[in-house]
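Worksheet: the structure to be examined is printed underneath.
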Amino acid sequence: MIELHPQADALGVLGLPAIPYPVALPVFQAAVANDGELPLADMLHGLQLRAAHGADWQRLEAAMERLSELIAGDDARPVVTVRGDDWWLEIGPVDTAADCIALRRGDSLLALLADRGDGRLRLAGLHPLDGSAIALLLALSRIDGEDGAVSAGEAWTRACAIADAAGGTPVDDVTPFLVRMPVGLGPTADVPADGGMRRPACVAAELATWDTLRTPG
């Protein structure tokens with residue numbers, strides 16, 4: 001990975017913070033040769049990788065949030081379905097007063113998961129998702145074998161089992177973990193009064209970017 005330092009005027013137009021953006025060497029070379037359009041998806045992926053392993057991951061959130069907005073464009077759909085070759089997720093609002101699973105990292109509530117009614121998962125994002133959080137989500141929502149619909153329908157049961165096994169205890173300060181909330185988040189939860197849920201298309205852009213650009217295996 002090479003650090004891309006876009007010009008201040010280019011960053012200003014896009015509303016991006018002036019920080020280094022790690023990208024793969026061929027992407028960096030193409031960006032320098034092009035001297036114009038920035039590789040937004042590659043810049044987001046580089047930050048997802050860096051945030052997955054760095055203790056300063058919260059410092060990268062503003063850039064990740066803005067990149068996901070740029071990639072999502074004007075897509076304002078209230079519910080978005082996104083999938084890869086081996087995973088399936090629905091993204092949309094989650095009832096914080098009902099049975100749900102919190103995806104946390106340190107003191108931050110990154111996202112909420114709920115059963116969409118058929119055993120498959122609905123995801124509501126509250127903070128930008130780093131690579132480790134996305135990897136966990138894709139593992140929870142995997143579809144196996146020939147009958148993907150059936151295996152996707154086991155996702156909620158799978159997520160509950162993992163959350164129950166963890167007992168709400170993090171492995172360390174930076175690894176994402178699941179917390180089962182069978183009666184919802186409660187009045188003291190760290191969720192804004194308006195729900196604080198991100199635009200579904202932005203969350204979908206993060207998942208699709210990671211899935212498209214991640215190294216196989």
query: Would L207 and L178 show up in the same hydrophobic cluster when neighbours are defined by side-chain heavy atoms closer than 4.5 Å?
result: yes

message: Can you tell whether the side chains of R50 and D56 come within less than 4.0 Å, N to carboxylate O?
response: no

- prompt: Hey, are Q48 and T209 close enough side-chain-wise for a donor-acceptor pair under 3.5 Å?
  reply: no

field: Partner of V23 under side-chain contact (heavy atoms from CB on, under 4.5 Å), chosen from D42, L38, L47
entry: D42

- request: Verify whether one side chain among R198 and S68 offers a donor that lies under 3.5 Å from an acceptor in the other.
  value: yes

Which atom of L129 lies closest to which atom of M64, heavy atoms considered: O-CE, 3.3 Å

Side chains of R120 and W156 in contact at under 4.5 Å (non-hydrogen atoms): no

- prompt: Are L40 and F28 joined in one hydrophobic group, where the rule is that I, L, V, M, F, W and Y side chains link up if heavy atoms are under 4.5 Å apart?
  reply: yes

- prompt: Which heavy-atom pair separates W88 from I143 by the least distance, and what is that distance?
  reply: CB-CG2, 4.3 Å

- prompt: Considering only heavy atoms from C-beta outward, does the side chain of M43 approach that of L70 to under 4.5 Å?
  reply: no

- prompt: Out of curiosity, S108 OG to H127 NE2, how far, rounded to the nearest 0.5 Å?
  reply: 5.0 Å

- prompt: Looking at CD1 of I19 and CG of L11, how far apart are the two atoms once the value is rounded to the nearest 0.5 Å?
  reply: 9.0 Å

- prompt: Are V79 and L137 co-members of a hydrophobic cluster defined by side-chain heavy atoms under 4.5 Å apart?
  reply: no

message: Testing the basics here: between G125 and A111, what is the closest heavy-atom pair and its distance to 0.1 Å?
response: CA-CB, 4.1 Å

message: Measuring only between side-chain heavy atoms, which start at C-beta, is V82 closer than 4.5 Å to V203?
response: no

- line: Scanning both residues in full, the closest heavy-atom pair of Y21 with A63 reads OH-CB, 3.8 Å

message: According to side chain to side chain donor-acceptor pair (under 3.5 Å), does anything in residues 78-87 pair up with another residue at least two apart or in another chain? List the pairs.
response: W87-D211

statement: All heavy atoms of E206 vs all of P128, minimum pair found to be OE2-CA, 3.6 Å

message: Are the side chains of L44 and W210 in contact, using a 4.5 Å heavy-atom criterion?
response: no

Closest heavy-atom pair and its distance - A72, A205: N-CB, 4.3 Å

statement: d(L136 CG, I134 CD1) to nearest 0.5 Å is 11.0 Å

- prompt: Can L110 be reached from V174 by stepping across I, L, V, M, F, W or Y side chains whose heavy atoms are under 4.5 Å apart?
  reply: yes

query: So how far is it from L123 CG to S141 OG, rounded to the nearest 0.5 Å?
result: 9.0 Å

query: For the side chain of R180 and the backbone of D99, is there at least one donor-acceptor N/O pair under 3.5 Å apart?
result: no

message: Can you confirm whether R104 sits close enough to P176 that some side-chain heavy atom of one is under 4.5 Å from a side-chain heavy atom of the other?
response: no

message: Just to verify, what does R66 make a salt bridge (Lys or Arg N to Asp or Glu O under 4.0 Å) with, not counting sequence neighbours?
response: E69

- request: Could you tell me whether the side chain of L121 reaches within less than 4.5 Å of the side chain of I101, counting heavy atoms only?
  value: no

task: Given side chain to side chain contact (heavy atoms under 4.5 Å, CB included), test R142 with L138 step by step and report yes or no.
output: CA-CA 6 Å; R142 70 180 185 271; L138 300 195; over 6 Å; no

task: Check for a donor-acceptor pair, side chain of R122 on one end and backbone N or O of P93 on the other, with a separation under 3.5 Å.
output: yes

L4 side chain reached by P39 side chain, heavy atoms, under 4.5 Å: yes

Where at least one partner belongs to residues 128-137, residue pairs that pass side chain to side chain donor-acceptor pair (under 3.5 Å), sequence neighbours excluded: R105-D130, D130-S132

message: Are L89 and L213 connected into the same hydrophobic cluster when the rule is that any two of I, L, V, M, F, W, Y join if their side-chain heavy atoms are below 4.5 Å apart?
response: no

- request: Answer whether the closest heavy-atom distance between the side chains of L109 and L103 falls below 4.5 Å.
  value: no

query: Are the side chain of R116 and the backbone of G119 linked by a donor-acceptor contact shorter than 3.5 Å?
result: no

- line: d(L112 CG, D95 CG) to nearest 0.5 Å is 10.0 Å

- prompt: Stepwise, does the side chain to side chain contact (heavy atoms under 4.5 Å, CB included) test hold for M197 with T96?
  reply: CA-CA 11 Å; M197 296 178 189; T96 59; 3.7 Å; yes

field: Worked verdict on V94 versus L113 for side chain to side chain contact (heavy atoms under 4.5 Å, CB included)
entry: CA-CA 7 Å; V94 166; L113 291 165; over 6 Å; no

